2 protein chains.
Amino acid sequence: MNPPAVVRSATSSAGRAPLTAIVRDEIIRMIEAGALAPGVWVNEADLAARLGVSRAPIREACRGLEQSGLLSFVVNRGAFVREIDPVEAAELYDLRSALFALAGRELAPVIHEKQLRILAKLLDDMDAAADDGDLDVYYPLNLLFHQTLLEFTGNRRLLLTYQSIIRELHLFRRKALVTRERMSDSNAEHRAIYAALRAKNPVAAASLMEAHVLNAKKRIFQTIPSREAAG
Amino acid sequence: MNPPAVVRSATSSAGRAPLTAIVRDEIIRMIEAGALAPGVWVNEADLAARLGVSRAPIREACRGLEQSGLLSFVVNRGAFVREIDPVEAAELYDLRSALFALAGRELAPVIHEKQLRILAKLLDDMDAAADDGDLDVYYPLNLLFHQTLLEFTGNRRLLLTYQSIIRELHLFRRKALVTRERMSDSNAEHRAIYAALRAKNPVAAASLMEAHVLNAKKRIFQTIPSREAAG
DNA sequence: ATTTCCAAAATTGTCGACGATTATTGACAG
DNA sequence: CTGTCAATAATCGTCGACAATTTTGGAAAT
């Protein structure tokens with residue numbers, strides 16, 4: 001008999017975290033790592049065995065992930081990682097642009113020096129990565145830059161909704177053609193946003209941040225769709 | 001006996017809907033009907049007995065509702081209807097205003113005559129209700145008007161996100177002081193929105209719709225908090 | 001070789017059960 | 001009368017089991 005996987009020790013001291021939460025995070029991790037690609041079927045028994053738990057916490061976690069748009073259930077066939085088609089991806093980009101603009105409008109009046117320094121550091125790092133043409137460095141920094149802006153607003157709800165949309169958008173697996181030039185262009189937009197925030201100009205920040213997301217949308221859809229979706 | 005692949009309708013052939021979905025809808029209904037007030041504990045065994053099912057579908061449904069912000073789980077104590085505090089309510093209003101503005105921006109360029117007539121009818125009905133000072137008629141019409149605008153955009157994702165926020169906001173149970181005058185003011189804003197849409201002016205529509213939600217926010221927070229939450 | 005059919009295997013949806021944790025009751029002391 | 005604390009009851013989180021449904025694999029037929 002296989003010993004239970006070492007999973008139950010997330011918070012050891014007090015009452016341990018419910019298995020459902022652990023499973024939920026693990027599935028999210030697998031999706032983001034690519035171990036669970038869009039369209040792929042989620043085998044409950046298999047996951048249960050691998051995590052050393054029963055199917056109940058698995059199913060509860062999947063129901064949560066269904067609601068957050070990462071999984072979809074088909075009756076008597078189980079749960080599947082959702083596939084985002086171009087139409088829905090476009091809708092998600094529009095949503096994201098509106099939320100990002102809102103973040104800018106809320107952040108500009110209240111941003112302070114310490115926060116600006118953190119952003120400036122990220123901008124420099126991204127420029128360095130762009131000069132090297134190193135997407136593996138640029139991409140996470142880019143995500144972090146956006147997320148940091150959202151966090152600085154102090155609007156918890158806005159951050160959560162934004163993150164949820166980003167996760168879903170991640171299921172739209174069309175790779176944009178990322179060139180050194182595009183990274184530089186993108187970071188130039190970041191610097192314009194930074195300037196508007198530093199100037200504490202809500203209207204400019206909102207406008208630039210909205211445009212920034214819509215430009216990203218354009219770049220994705222201008223890229224010729226690759227033939228890799230079929231499995 | 002191989003039916004064409006297209007008509008795999010979920011209605012008749014494949015038996016009944018999963019219990020989880022039924023339970024989920026029932027809990028939502030109870031919340032909206034006030035049978036489950038914010039802060040109230042959701043008794044799993046009780047619900048299971050009343051609906052004639054086991055606890056498994058109940059728990060799965062609750063996990064979904066947790067993710068959509070209507071319930072919150074406390075370890076070893078179960079699920080509770082969430083309570084929205086003023087801070088979070090304010091955040092939700094801001095989100096809602098951004099989404100409503102986006103709807104206006106997207107709808108204005110594409111709205112057509114048939115849709116405008118439907119809106120005009122709603123406006124007239126709301127004015128009638130406002131003249132009568134009948135909130136019980138005005139309030140549902142008001143909800144319908146907003147939802148219809150979202151539907152007309154054709155942006156499914158936007159509609160879903162908006163509805164989710166509205167549901168959560170419903171958990172912030174502070175009653176605004178609704179007078180005949182306020183209903184008239186509100187509907188005057190509706191008519192301004194209608195005019196901007198009819199003129200196919202995205203900028204004006206977005207701006208008016210954003211302001212409309214922010215005015216509603218103001219009205220809620222100007223109302224003196226009532227002593228009814230505790231219990 | 002392809003299609004049709006049917007039994008076997010796999011999987012889902014749902015249920016009841018059990019230990020662990022939390023809430024409640026009620027005796028008892030101050 | 002009030003507060004403490006143990007015994008009891010209620011509830012949660014989790015598990016394994018089972019019927020219904022779907023998928024699989026291969027034999028039979030075209």
Side-chain angles (χ1 to χ4, degrees), chain A residues 1-27 36 39-67 71-82 231, chain B residues 1-27 36 39-67 71-82 231:
Chain A
M1 181 61 122
N2 271 347
V6 264
V7 161
R8 296 166 187 259
S9 53
T11 52
S12 55
S13 59
R16 36 166 214 275
L19 293 187
T20 296
I22 299 174
V23 173
R24 203 180 63 91
D25 293 346
E26 176 62 13
I27 295 178
L36 284 178
V40 163
W41 165 55
V42 178
N43 187 330
E44 294 178 4
D46 192 45
L47 248 180
R50 190 165 333 162
L51 299 180
V53 303
S54 78
R55 280 174 53 222
I58 305 274
R59 285 183 62 86
E60 288 185 20
C62 287
R63 286 301 183 179
L65 294 171
E66 173 188 32
Q67 206 58 33
L71 300 182
S72 96
F73 271 78
V74 181
V75 218
N76 281 321
R77 297 208 336 131
F80 298 80
V81 181
R82 279 199 56 214
Chain B
M1 285 285 297
N2 238 346
V6 193
V7 201
R8 221 178 309 171
S9 165
T11 48
S12 58
S13 67
R16 60 190 185 285
L19 292 187
T20 297
I22 299 175
V23 172
R24 204 181 66 94
D25 293 347
E26 176 63 11
I27 295 179
L36 284 177
V40 163
W41 166 55
V42 179
N43 188 331
E44 294 177 3
D46 193 44
L47 248 179
R50 190 168 330 157
L51 299 181
V53 303
S54 78
R55 280 174 53 221
I58 306 273
R59 285 184 62 86
E60 287 184 21
C62 288
R63 285 302 183 180
L65 294 171
E66 174 188 32
Q67 205 59 34
L71 300 182
S72 99
F73 270 80
V74 181
V75 209
N76 281 320
R77 296 206 340 128
F80 298 79
V81 181
R82 279 197 59 212

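Below, read A as the first sequence line, B as the second, and so on, with proteins coming before strands; counting in each chain starts at 1. Keep in mind that what you see is a predicted model, and the values were worked out from it rather than measured.
One interatomic measurement links the two molecules: CD of B:Glu60 to P of D:dT14, which rounds to 14 Å at whole-angstrom precision. Across the protein-nucleic acid pair, A:Glu44 atom CD and C:dT14 atom P stand 11 Å apart, rounded to whole Å. Whole-Å rounding puts the A:Leu19 CG to C:dG19 P distance at 18 Å. The interatomic distance linking B:Phe73 (CZ) with D:dC12 (P) rounds to 9 Å, in whole Å. Spacing between atom CG of A:Asn43 and atom P of C:dA10 amounts to 12 Å, rounded to whole angstrom units.
Taking side-chain N and O atoms only, A:Arg59 has a distance below 4.0 Å to OP1 or OP2 of C:dG13. OP1 and OP2 of C:dA20 both lie 4.0 Å or more from every side-chain N or O belonging to B:Asn76. Contact check, A:Trp41 against C:dT12: a side-chain N or O comes under 4.0 Å of OP1 or OP2.
For the pair B:Trp41 and B:Asn43, the minimum side-chain heavy-atom distance is below 4.5 Å. B:Arg82 has its side chain out of reach of B:Leu71: every pair of non-hydrogen atoms, C-beta onward, lies at least 4.5 Å apart. Within the 4.5 Å cutoff, no side-chain heavy atoms of B:Leu65 are placed close to those of B:Val42.
The salt bridge (Lys or Arg N to Asp or Glu O under 4.0 Å) test with A:Glu44 is passed by exactly one of A:Arg77, A:Arg55, A:Arg63: A:Arg55.
If you check every strand for non-hydrogen atoms under 4.0 Å, A:Val42 touches sugar and phosphate atoms only.
You won't find any donor-acceptor pair under 3.5 Å spanning the side chain of A:Arg77 and the base of C:dG13, going by distance alone.
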